[in-house]
Structure formats: C-alpha cells, structure tokens
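Note that the structure is predicted; figures quoted are calculated from it, not measured.
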Amino acid sequence: MIVCVAVVGHQNNPLYIQSFTEADDALKLHHIVHCSLDVVDERVNNPKKSGPTLNETFLGLLYPTENYKVYGYLTNTKVKFILVTTDLDVRDADVRNFFRRFHSAYVDAVSNPFHVPGKKITSRTFAERVSTIVKSFGLSSAG
Amino acid sequence: MANYLAHFQTIKNSCDRLVIAVEDVSDLWPAVKKGFEERLPFKRACLNNKTRNPVFVEKLAAEFILTTDPRLRSRFPQEQLLFWFREPYATVVLVSCEDLDEFKTILKPRLKLIVQNDEREWCIVFVSKAHPNNDQATKMAKKVYARLEVDFSSKKRERCCKLDIHSPEANFWEDLESKIMESIRNTLDRRVQFYEDEIRKLSEQRLMPIWNFCNFFILKESLAFMFEMAHLHEDSLREYDELELCYLETVNVAGKQRDFGGIDRGDDQAALLNPGNKLLTQIVQDDSFREFEFRQYLFACQSKLLFKLNRPFEVASRGYPFIISFSKALALHERMLPFCMREVWVVTACLALINATASHYNDGFVAPDIEKEFYRIQGNLYSLCRVKFMRLAYLIGYGTEIERSPVNSASLSMLSWPMPAVWPPVPPDASSMVLEKEKTILQATPRVKHFGIQRKPLPLEPSILLREANRRRASLSAGNMVEMFEGRPIFVDGSDSDASLRMSPSSKVHAISMTRTNSSPINFESSIDRPMRLAEIYVAAEHALQNTISDTDLWKSLLSVEEFEKKYLELTKGAADNYHRSWWKRHGVVLDGEIAAVCYRHGNFDLAAKSYEKVCALYAGEGWQDLLAEVLPKLAECQKILNDQAGYLSSCVRLLSLDKGLFSTKERQAFQSEVVRLAHSEMKHPVPLDVSSLITFSGNPGPPLELCDGDPGTLSVTVWSGFPDDITLEVLSLTLAAIFNVDEGVKALRSSAAPILKPGRNTITLALPPQKPGSYVLGVLTGQIGQLRFRSHSFSKGGPADSDDFMSYEKPARPILKVSKPRPLVDLAAAISSALLMNEPQWVGIIVRPINYSLKGAVLYIDTGPGLKIEESHPIEIERHSDVSQSATDMESCDQARKKDSSVVIEEFKQLTLQNGRIELPDWASNITSVIWFPISAISDKLARGTSSVTPQRQSIVDGMRTIALKLEFGVSLNQTFDRTLAVHFTDPFHVSTRVVDKCNDGTLLLQVTLHSQVKATLTIYDAWLVLQDGFVHTGQGDGRPTSDFFPLVIAPTAKAGILFCICLGTTISGDEAKAPQPESVLNIRYGIAGNRTIGAHTPVTVEPAGSEGSTQDLIFRSALVLQRPVMDPCLAVGFLPLTSGGLRVGQLVTMKWRVERLKDFDENAVSQNNDEVLYEVNANSENWMIAGRKRGHVSLSTKQGSRIVISILCMPLVAGYVHPPKLGLPSVDEANISCNPAGPHLVCVLPPVFSSSFCIPA
C-alpha cells in the first residue's frame, strides 16, 4: 500500500505531500520524505555512484529498510517525487509506471496559469488525480 | 565425504601456513636449519591467482618440515588427495658429497628415487662443507656440484643450488628462495586446477538427488582456505562469495523443510563476525547446514578476509544488507524462535559490526566519498540497532520514556510487533511486578506541551499491543473485542484509545460502560483465560526477554529505565555522529533532536536548546513547516526556562509565522500574548527580528502614486498581519527603494500614529516627504513592539502571505511611487501683447496657467520694477481666461476642467486685494487658466517728442518698457515656486511727426502734423492746439487750433491722421515779456480712448468708480516739437581728390589734395566775408599720419561764383591698415554752408613698408 506521495521542490521545500494512512500520523511521513532527501542529495551530488543512471529521472529505491520502501524520482527541473510504500515486494516497473503518471499529473498541475511556480500545489484536481493514481498502483501491470 | 567434515575442520584449524618439505639426505638439516628458517616468512613472493595472473604477495608464511616428521608421514593417500591443501608445496633436498664416486654410486640413485615422484616440486641444495682454505676439498665439491647440475638440472629449469657452509655466497638465498617459490607456484597452480575440476564436477550434479552440499562446501572451502594460506585473499573471498550464492540457492529450495537453527542458548548474540562460534559439525543437517548458523559463518569468513584485505568499509557495506536480509529470514522463522529473537539478534549484530568495523577503520586511508559512505552505513547500523532496542524497551513497558517524535514514530509504528507462535504468558510469581508496572503506567502522565498545545501524540506501535498480545495467546480466540477493550482505561495515551475507538465503532458503547472489575489485581490469579492487561504483557515480555537475551550487557541496559536511557542515548548519539560525518545530514540533525529530548528530560536545557535550534534551522531552511511546528515549541520552552528572552521571543514570533493551519487560534493567541508580554518586559536590549512571513505588506492596487518633484504626499500601504489578535505597534515605518538608483540612501517613512494592526488586512497611511525624481518600490517594513524590533521583507501579492514564502524575497516589479522629473508646473504670461498707455493707470493682465497641477492655495507675489506702480487703492480682479488664441490642448484641458467642475457652480470672477505685494488665489482657480488683472501705471517724466520728417528719429522701444517681477508659490505646502519677470510695454498714444508741406511765397509755412496712433485702441481726438516756440507765430489771428469742425476725430488703431497748421517766421508780438523764451513748440491733444484691456491700451482705470458711463474723462497728450528755421543753401563745396594709383605705403610721402569751389556769391553774408580769403585747417590723427605741410592757413579764393582752388598737403602714413585720411575743415564758414561733394573716403588702405634688402642674407 502506498502510504505517502510527495512533491519536493528544487530547494527541497515540500510542494505537495499527501498521506494515505488511516491514522493521524502524517507527521512521521513528513519525516520520512524529508529524510529521504538525504539520499536524493547523495545520489545527485555523487555522479560517480549513480553512474549509468545519471540521466534517468527514476532514482529507484532510496531506502532499504525492513518496514517500508521509499522510491524517488527526479525531474529535470530538480523537482523530486517521493513515494513511500509499505509493500515490501514492489516491482520496479510498477513504480516507474506510477512515477510516469504522477509526473504527467504534476506537469498538468503546474501548467495551470494560476499556479505560482515554487509554491505549494493546492489544486484539488491534482489531488484527485493523485489519489486515482495511487489507488491504481500495481493494478495495471498485474492485470 | 560428509564424514570428513569434522576431520576437515580439525585439519583446517591446525594448519595455517604453507608447508615446505625438507628431504634431508645427508643429515645436514640441523646445521642449516637456522639459516633456512631465518628466511621465513618470505618477504615477497609472486604467485598466480585463480585466473593465472601473477600476484605479488608479501610476508608469505611458510614452514619447513622434515619428511621424516610424523605430521607428514602418517597420512592415507585418499586423505592426502582430499586435504591436499595441507601437503607440502615444495620439497627441498639437502645433499652433501665430497667424493665423485660416492656421488655416482650412492647419492645419485637415491636422489633419482626421491625426485621421480611427479607430484612433487623439488629442488636440490648441495651443501659444501669444504673449508675455503682447503683447495683440494673445494675443488672436489665443485666437481661434485657440477656433476649434480648436469644430472638434475635441465635447460628449462635450474633445480640445483650450492651452499657453502663456511662462506655462503651472497646470492645463494635469493637463488634458493626463487627456486622454492617456483615450486610453490607450480604446486599451487596444479592444486587449484584439481580443486576446480572437482568443484565443476560436483556443480554439474547439483540438480541430482544425490547432491550433497557438504561435499561441495568442503571442496570449495578447501580451495578458499588454500588461497588464504597463500595470501591470495581476493580469490579466497571470491570462493566464499560463490559458496554463499550457492547456499542461498539451495537452502530455499521448496519442499525440503529444514531446521532453521537459532534455538540454542546464546544464539541471540549475533556471530556474524566470529567464524569459530560453532563447530560446523554441530550445524550440519542432512546434507546441508542450518541456515541460521551457516549464513553467519559464511559472513564471518568473508569479513575476516575483508579485514585482512584492510577493507572494513566493505564489511560494513556488506553487513548492513546482510543484517536486513537476515532479519527477514528470522521473521520467516519467528514462530520457532525464542520471543524477540529477531530484535535481539539485530541489536547484537549491529553492535558487533559497528565495533569491528570502527576498530579496523583508519581515517584518511580511503577516498573521501568512500569515507562518507562508511559513516553513513555506520549511522544506518546504529539507527537500526536503536530502533530494535526501542522496540524491546517498549515491550517491557518503557514506552512512556520514548519520545513520540516523527522519527521514532516513523521507525516504530511501521515495524510490526514480534510474532511468536504464542505470546509469552505471565510468569507465575509475577503479581508484585505486575502491580509495580501498573503503578508506573498509572503514574505516567502525558507530557504537557508548552503553550497548551494539544496534539495527538504520534503512534509508536503498529497496532495496539494489548490486542496483538492477546490475539496471539493460545487460549484466546482472536478478535474478541469486548474482552480486549476491557483493559482500555489503562491507556494513558490518547492516540491508542482514539485509534481503537475508530477501528471498532461498535464497541465504543461497551468500552465506556465496561467496568474494571476484571482488571483488578485481586482476581489476577484466578482467571487464566482472562485477557492480559498491559502491565501483564509488559511483565510477560520482560520475562520472556530475559530468557532470550544471553548478552548480559544488553540485558542490563533493559533492566531499568536509567540503563535503558543510557543505552538509548549511546545509540542515538552514535547514529547522529556518524550521519553528521556522512552525506546524510538531515538524518543526523533529526537524531540530534532526539538527543535534545533526553537532555530536556534531564534538565540539561542548554544542550537541548542548542540541538533543537539545529533541528529548527534544518526544517525552517527548507520550509518543512509541519515538522517545524513539532520542534519549535520545544525549543521555545527550553529558551524560556533558560531565560533566553531574545531567543524565546524569536521562537514565539516564528511560531506565529508558521502556517495558520498548524496551530489552533487559541494556541496562536497564546503565542501572541507571550510575544507581547516579552516585548514589553524589562529586556535590556532591543531584539531585532525578521518577521517577513508574519507581517507582509503591499502597495495598493492600481497605478502608482505620482508626485511632482519636490512635492510631499501620503502613501497608503496595505499591511497583512499574521497575528491572531489585534496588536499595538509603537512604531511602524517603511522604506522605499528607488528602482534605478541603488546608492541612494533609503529613507524610512514613519507612520504618524502608533498603529494597531488587526488580524488580516490593514491600511496604513504614511506621510511622504519630498522625494527625488524616480520610481520607487516598497523596501522594508520595520516596526517596534516594546523591545521587539521587527522587519519584514515580504511583499504579499494582494493576499495573505503564502506560508511557504520563506525563500521568495523577490522584489515586486510594480513601483508604488513615481516622482516625476522637474517640469514646468505652471506658466505665467502677460495677457496683453500690445503697448499700454504711459502715465495712465492701466490694467495689466497676468495669465496663470497650471500645467496639470493644482494651484490650490497658491500665492502670487508681485513686485513692480522702477517707473511702475500698482494702484493699490483699486481691487485686483481675477477671472477665467478664455482666449481663443490659446492652443487646442489648453482648450481641451479647460473644457475638461469645466466638465469636471460642472457639478459645482463655479465662481469665475473675483475681486482680490493686494496685501504686501501678495495675492492668494481662490480655490476655484486652482485647476483652470485664469487671468489676474491689476491696475498699474507707468510713470515717465519725459515729454513725448515729435520728430521731423527731415530727420526721422524713431523713439527707442526700451523707453516704454517696464518690468514686473512675479513669484508664484504653490504646491501642497507652498513648496513649489515659479518666478517670472514680465515685460510690459508702455507708450504714448501718438507719435507726432512734422513736415513743412510748403513754403509759400509770403513766408507762410504749412506745417503738417502727423499723428500716428501707437496703441491698439480707437482714439478720439476732441481738440488739438499748438503752442509755438520763439521765432514762429501762427498766421492770422488763430490761436493755433484747427477748425473745430474737424473734431472729434476718430483714429483707428495704428492709423494715422494729420493736422495742418499755418505758421510763419516771426517773433511773438504778445506782451508776455516775462515769459521765458520757449525753446520748443508743444502740441496739445485732448483725446479719449476706447480699447479692450485684453488687447492693449484702454481707458485708464478710474480710481473712483465712474459715476456714469458717458462721463469718461478726456485725456491730454502733450508732445514737444522742435521747429527749425529754414536751412541756407551751401556756398562752398569741398572735394577730396583721388589719390595716386600706386596706393599708400607706410613711410612713403603722399600728397593729399582737396578742391574748394565757391558755389554762389556771398551776397547776403557780405558782412562776415570781408575779403576773398578762406581759412582752412587739416585735421588728422597724429598716430596715423604725419602732416608735412601747413595744417592751418588762409588761401585766397575769389568771391565769384565758380571760382575754385586746390589745397595740397604732404602727408605720410605711419601705420598700415585702413585708416581715416586727414580731413579738411573750413572753420570760418558755417558747416551748413559747406557741401562735401563728393564725400571724402571714410577709410584709405595703407600698405606695410617695403622690406629692406639689407636684412636679407644670400643663400
């Protein structure tokens, strides 16, 4: 289950963060997303380590922990998408697919002339679209 | 083969270096042993690795063993093959022989026997005992050795070397070493080949049922071990890696249920770095090994090699994923394992790995990025260990000691509870412990947050422990909600109860109505199937853990809260420190916050505040407000306790600045009241603070305020207050920044009154002093609340500040104020273009034309120049100026002004009075062009003079010119001035010229007087008379007035009229002898004037208002005329004769000639002319001319008409250039009687002197 998705601006400021948990514990997800920026930074700042994936937007698994997984995606405008999931066996293709759809939703949201670049995304349409994408996560490729 | 496992282990343990066999043929070993063993270990050796590439190894350990040694003797051939790695790698044959025959007969066959074994790699050392002085013996030895070489060495390979015991050759040892090394290398290659073949064979059978992992393992490990002995660690490591891979593939083959292991006492302590923890024979199972032990064993072997390779970084980087994956494996088998085995194992594994890698790690030996990575992994290990440790502590009831922070919640609430098959039961004699736990649970009070902030604590548990534990009890069926919630009131922690209620809305009623009868300790023992209470769960867990944990240190740190905290702090610090040295700064800082929480609990507020500040800076710097809202109150509390008022104030303001949704209104009000209280408290120093996200400001929408240069104004600014309540400011000021001018010092505009900011939008009006021209944008808003000096850089775009405005300090492009460059704001001009009447009070109009600028309250200063005076007794008039000649734009603006004012009845005429030379303009005239009329009179004492037609002399226009200096003060505070000096032209009404029209025969002269109107007004002459000067009289009896029938005579503007007077020469007969002789005639004219004051001359201003329209006063104009007696005819003519054609030259004499001719007879002037001589005189400028003749003298000239004479004078010009020639004058004759005909030249050209040749030097 995806518990959280987030859009983080190029100055590492949160632009959109949405948790999908029942309990009122969004703050811990904020923490996870925030800390995962360490890994994103590390990968971006160490081109040696990223190697062949240098030009790829999909950053892959950021955190190998026991309990949850954090995936990252970096757009070419240095906006980061973070996905936190509690599924422990996630297929890379699913995540890539998810991020691709999420990216297009994001692009649509920021193309809104009333959106101020670098500000939080408040679009309700975007939120709805994101929740649709989250719900359908893993289904498309499984089916 | 598996039976050999135990044997294999013992062999492996007993042998740790390469063996070199020594075949001591001639009993020489005792003599040379010392020298041989001194060479060990081999300093440098070249061996081939598995891929047959040469590898240099250092300090290769080896051992020389005699072939007669029991260690090499008692071996079965099969054993030898299997454990081939321990067999000698080289055989050194020691021989000595002093006799050739002996060599041939005895030694050689024996040696052949020894070396015929192909398996062995051998070399022969010939030891020569011959003393160097004994030539015979030496020679013999040489012979024998030569023979030996011939027999045993081949071209391909030298196998012999010679050692002189008494004087060993220098290169003998190196020679020997290289020979031994060659043997070792060959043996190694052969054995590697052998093992590889064997392994390949076995691998091919892997899918067959007979396949046995143990056999494969023995072969593989033998090979690895052999590599290790040969110091080829890399190859050894590769073997282990392959082994691990193979094991993981086989161990998880479905269908084969094997024991996992890990149930022995002490298994909870990770042995992942200790290969010798357990004997392999203990863990063997069927044809393979138990996973729990074997995987640790493999990892231990790998890490041992890695440490030997000095790569502790790799141990750590392999270790972390190993622990994670091993933990997963433990989770799979958790039902079989002791309670919390998984957690305990991870804790010990992490600690072991941390200690081992840290002790092997040397700073600075690796690349910086590797180093950072190493510390990152250390941090990860610490962090993982910390999480598991916290979980254990929570299970035994230390949950209240664990900070419910996001980081703890993130790691604990997503970590599932241990899942034993059966939850541990309460130990039988634990009632006292349960009571104690219950007491601590009841005593624990939720930590009260500062400012009364109400937040639901974050969960530390994935689900409610109470339910989880009870569900896993053997006797209880899962999901018996009512029973489970029976224990609910015990919860002290809101989140749990809330969560539970939400999950089971149906049970809510029950839960509330449930009594606690069952939970009282009295009937504790009685009901065994009763669900466990929380305290019981804690006690049971503690009991179970005690059984699980064999590590005394770990157990000790779980025994008491203090010990727990100590360990917790140690782990947290370890994680934070390591993260700080890695790339993962955020992780480090966040953990600092956890340390701060512990410091805070222990009253170490100073440290806590420092750490919290770091955390706050991290979150604030990147705009993670939700997280900041969690930490900032804690920081504020620390600062409050530390009495750091400035910091506390700052924190309160920052709390207010946070997103409004993060705190309730009540909480925000609490922040504000703290801010106000602190700001007005007795702080020593004012605290400067940036409140950019709390108070924002913007200019009003619409076009910017436009001001003219030098004008003050008022600026209206919208200020958004983020305070939840009204707040009173002492001072509020704002700076403006010029857009294109950076270096200009910014001036702050101060709000006049102390403003009170309402929450939300406020409009503040600021007085604006005159600014320099340019465009201005809003700069910085500063203000003061008590001792708090705040400043805000934030410009809101017409709405409340966005909460994430933290980085966008972009300046708004829209200017708020435009001060235009100096331009004419008003124009003053004279309303008349033509001349006014001299000496009469006349209206002078001044057009005051504002140029898009209001003249409200303007004051006009009028200063008249000399010869001009304002008739102050008369009021000044002002009226709208409506001149058709004005330009179209003016008309337009006038129209606009008219339209604008059309609603108001405009007063367009007013009489004003002049006070001290100043007039105040009425308000209605502030935007329209108006004319100010004021009476003025120019005074001129001179009598107008008529001119004669003979000598027409025009009067200079300057005579009638008068100036009026005007100064207009206007603008908002009369700050603008406009100066102008107007020239007004005054003139007489007429210009009079005379002409004698005809000289009649009777001596009557007809004098025509022409009156030329000088003004643009209609003049009416009522009367005119001429008072003649001496020598002239009117003819007849007339008094000099023309016939009165002519009058009134109307003269149109600038027209002419003439009056004829008849006069004659003669003296006045009248008896007025006393009257002084009159030199001039005077013409008197009584006239009236009808003109428009807007055009020019007009009826003079009556000082007293005229009684009736008709009785306009007639004006008198007097003009002096000079009449001359008629001029005589000339009687002499003087002519200047032309000069010689050669021209004049300085220094050359020239003759000037004049001709004097008598034109007529001097019949009338006979009296004066008594002889026929004429007096002449030559006048010349003595600087230019030298006269060489008589300058003055008499010449005779006949008195007859037509007689002529030439006067010649010798002259010399003195200077070159155009000069006046000398003049001839006739002093005795009146000038009027001389005619100069032709008129002499005015100037003559004089050439410079000729150059003197005497100054020329021939070339």
**Request:** With the side chain counted from C-beta on, respond yes when Pro406(B) and His30(A) share a heavy-atom pair under 4.5 Å apart, and no when they do not.
**Result:** no
**Item:** Gap between atom NE2 of His31(A) and atom OG of Ser405(B) - 0.5 Å precision
**Value:** 7.5 Å
**Asked** If you tally heavy-atom pairs under 4.5 Å against chain A, which of Ala410(B), Ala331(B), Ser411(B), Pro321(B) wins?
**Response** Ala410(B)
**Message:** Need one label for Leu27(A): side chain, backbone, both or neither, based on atoms under 4.5 Å from any heavy atom in chain B.
**Reply:** both
**Item:** Which atoms of Ser325(B) approach chain A - backbone, side chain, both or neither, heavy atom under 4.5 Å
**Value:** neither
**Message:** Within this structure, what is the CG-NZ distance for the pair Leu412(B) and Lys28(A), rounded to the nearest 0.5 Å?
**Reply:** 9.5 Å
**Request:** Mind checking the CG-CG spacing from Leu458(B) to Leu29(A)? Nearest 0.5 Å is all I need.
**Result:** 9.5 Å
**Item:** Euclidean distance, Cys35(A) SG relative to Leu591(B) CG, rounded to 0.5 Å
**Value:** 7.5 Å
**Asked** Is any side-chain heavy atom of Val39(A) less than 4.5 Å from a side-chain heavy atom of Trp584(B)?
**Response** yes
**Prompt:** For Val407(B), is it the side chain, the backbone, both, or neither that has a heavy atom closer than 4.5 Å to a heavy atom of chain A?
**Reply:** both
**Request:** Side-chain contact test, heavy atoms from C-beta onward, threshold under 4.5 Å: evaluate it for Met414(B) versus Val3(A) and give yes or no.
**Result:** yes
**Fill in**
The residue among Lys585(B), Arg586(B), Arg376(B) that forms salt bridge (charged side-chain N to carboxylate O under 4.0 Å, His left out) with Asp41(A) is Arg586(B)
**Option in Ala629(B), Ser413(B), Ser582(B), Ser416(B) with maximal non-hydrogen atom pairs under 4.5 Å from chain A** = Ser413(B)
**Request:** Evaluate the criterion side-chain contact (heavy atoms from CB on, under 4.5 Å) for residue pair Lys456(B) and Asp25(A); output intermediate values, then yes/no.
**Result:** CA-CA 9 Å; Lys456(B) 217 167 78 180; Asp25(A) 54 358; over 6 Å; no
**side-chain contact (heavy atoms from CB on, under 4.5 Å) assessment of Glu42(A) paired with Glu373(B)** = CA-CA 10 Å; Glu42(A) 189 184 10; Glu373(B) 185 72 6; 3.0 Å; yes
**Message:** Please classify the contact of Ile17(A) with chain B as side chain, backbone, both or neither, using a heavy-atom distance under 4.5 Å.
**Reply:** side chain
**Item:** Derivation and outcome, side-chain contact (heavy atoms from CB on, under 4.5 Å), residues Val8(A) and Trp624(B)
**Value:** CA-CA 10 Å; Val8(A) 180; Trp624(B) 292 76; 4.1 Å; yes
**Item:** Part of Tyr579(B) within contact of chain A (heavy atom distance under 4.5 Å)
**Value:** neither
**Asked** Would you say the side chain of Tyr619(B) lies within less than 4.5 Å of the side chain of His34(A), judging by non-hydrogen atoms?
**Response** yes
